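Each remark here refers to the structure printed beneath this line.
This structure is a prediction, so every number in the text was calculated from the model and none was measured. Hydrogens, waters and symmetry mates play no part in the numbers below; they use all other heavy atoms, side chains included.
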Amino acid sequence: MRCLIKISIVAAIAVLFVSCNEKGGLLISPVYDEPTDSVIVPLEPIDSQIIMGIKEEIKPGKRSAVLSFYTKKIYSQGGAKINGSLSIINNSIRVELKEIILPEVGPAISMPASVSFNLGELRNGCHTIRIIINGKEITGVISVSDESFDMKILPNNIIICRQNTILRIPAYIIWGQAESIRPDHYRLFLDSLKILGAKEHNLKPGQYTHFDIDSQGNFDTHSVLGMPYGEFFLRSFEGDTLITRNLVKRFSKRYGDSVYIKLFGGRGEMYFSTILKNEP
């Protein structure tokens, strides 16, 4: 019987590896940093299902895959964390989730416990992933391409995948929101983007790290507007990043707190009018 169980597990893993080729290279990534002034805190065993997700972190000149884990269980005191560790060797990823760290003092808000691991820049191809929780191992595969991260794990009753596929944002995409107290100021910003070369995006429908696009081309940035007038935007822009930075800065200098603009981009752009207005 033990032999049959082992054979069935191996066969299931093999299905996940169809058309995947192993590629070399050594990657070691420490990700769980204990604070230098850490104190003894209460620990609890992991007694909850875990919700797992993957996203792409974009910074200037660097992109990283990030794995996140959340407990399905909600803790009455905010700030609870999952204690865990990560190791990466070649195309093999190993995550161990050990216990729940409960803060002695934290915000009085009910939240799940969580932890995130930065995997660095994953090469295109297939990466095995092993997740150990309470001595039990769940195995899967993360397939990486220029277009997406695709994650599959073997059926189990411990981990729930928040999404199986996350689409990657191309380098020449910008998105964000423009708001103003008067209706003409935010529109002037969006018109200026168009004049400088911003065009309608041609992204395919799906779930991206920072927004979703439906089959009609409508997008949702999962954010809200705070001023009387405003609009979210998603555009293609191949010009220099300094052009959009200077545009946000110019509007923030001219209109001050009567406008609010934030602009992100696939080349690591993160421009906020509330910050740029203070620059000389």
In terms of heavy-atom contacts, does NZ of Lys253 have more than 12 from other residues, nucleotides or ligands at under 6.0 Å?
-> yes
State whether the number of non-hydrogen atoms from other residues, nucleotides or ligands found under 6.0 Å of Asp257 atom CG is greater than 12.
-> no
Do the ring planes of Phe264 and Phe272 sit parallel (below 30°), tilted (30 to 60°) or perpendicular (above 60°)?
-> perpendicular
Please name the pair of heavy atoms, one in [X] and one in [Y], separated by the smallest distance, quoted to 0.1 Å.
X	Y	result
His185	Ser180	CB-CB, 3.7 Å
Gly206	Leu167	CA-CD1, 3.7 Å
Arg162	Gly53	NH2-CA, 3.9 Å
Ile181	Met227	N-SD, 3.9 Å

From the list Ile213, Thr221, Asp220, side-chain contact (heavy atoms from CB on, under 4.5 Å) with Leu234 holds only for Ile213
For the pair Val95 and Ile133, evaluate side chain to side chain contact (heavy atoms under 4.5 Å, CB included) and give the outcome as yes or no after the intermediate values.
-> CA-CA 9 Å; Val95 174; Ile133 304 177; over 6 Å; no
Separation between [atom1] of [X] and [atom2] of [Y], rounded to the nearest 0.5 Å:
X	Y	atom1	atom2	value
Ser223	Lys262	OG	NZ	4.0 Å
Leu67	Ile93	CG	CD1	6.5 Å
Arg130	Ile153	CZ	CD1	15.0 Å

In sequence, state the C-alpha distance, the side-chain angles, and the governing distance for Ile46 and Lys98, and then conclude on side chain to side chain contact (heavy atoms under 4.5 Å, CB included).
-> CA-CA 7 Å; Ile46 297 176; Lys98 301 174 182 178; 5.9 Å; no
So, the side chain of [X] versus the backbone of [Y]: is there a donor-acceptor pair under 3.5 Å, distance only?
X	Y	answer
Thr244	Thr241	yes
Thr71	Ala113	yes
Glu231	Gln177	no
Asn118	Gly120	yes
Arg267	Ile173	no
Ser114	Phe69	no
Ser273	Ile261	yes
Asn91	Cys126	yes
Asn246	Leu242	yes

Residues forming a side chain to side chain donor-acceptor pair (under 3.5 Å) with Arg182, sequence neighbours excluded = Asp184
Going through the distances and angles, do Val259 and Glu179 end up as a side chain to side chain contact (heavy atoms under 4.5 Å, CB included)?
-> CA-CA 6 Å; Val259 300; Glu179 308 175 42; over 6 Å; no
Between Phe189 and Phe251, is a ring-ring contact (aromatic ring centres under 6.0 Å, His included) present by the stated rule, with each step listed?
-> CA-CA 7 Å; Phe189 173 80; Phe251 268 75; 5.4 Å; yes
NZ/NE/NH1/NH2 to OD/OE distance under 4.0 Å, Glu279 and Lys277 | no
salt_bridge(Glu56, Arg168) N-O dist < 4.0 Å = yes
Between Asn90 and His127, is any side-chain donor less than 3.5 angstrom from a side-chain acceptor?
-> no
Will you find, in the side chains of Asp150 and Thr165, an N or O donor that is under 3.5 Å from an N or O acceptor?
-> yes
Would Glu238 and Tyr172 satisfy side chain to side chain contact (heavy atoms under 4.5 Å, CB included), going step by step from the backbone distance to the final call?
-> CA-CA 5 Å; Glu238 298 187 12; Tyr172 297 109; 3.9 Å; yes
Between Phe211 and Tyr208, ring centroids under 6.0 Å = yes
Show your reasoning for whether salt bridge (charged side-chain N to carboxylate O under 4.0 Å, His left out) applies to Asp240 and Arg245.
-> CA-CA 9 Å; Asp240 194 292; Arg245 187 185 195 280; over 6 Å; no
Evaluation steps, salt bridge (charged side-chain N to carboxylate O under 4.0 Å, His left out), between Glu57 and Lys55 | CA-CA 7 Å; Glu57 184 180 84; Lys55 65 178 183 179; 5.9 Å; no
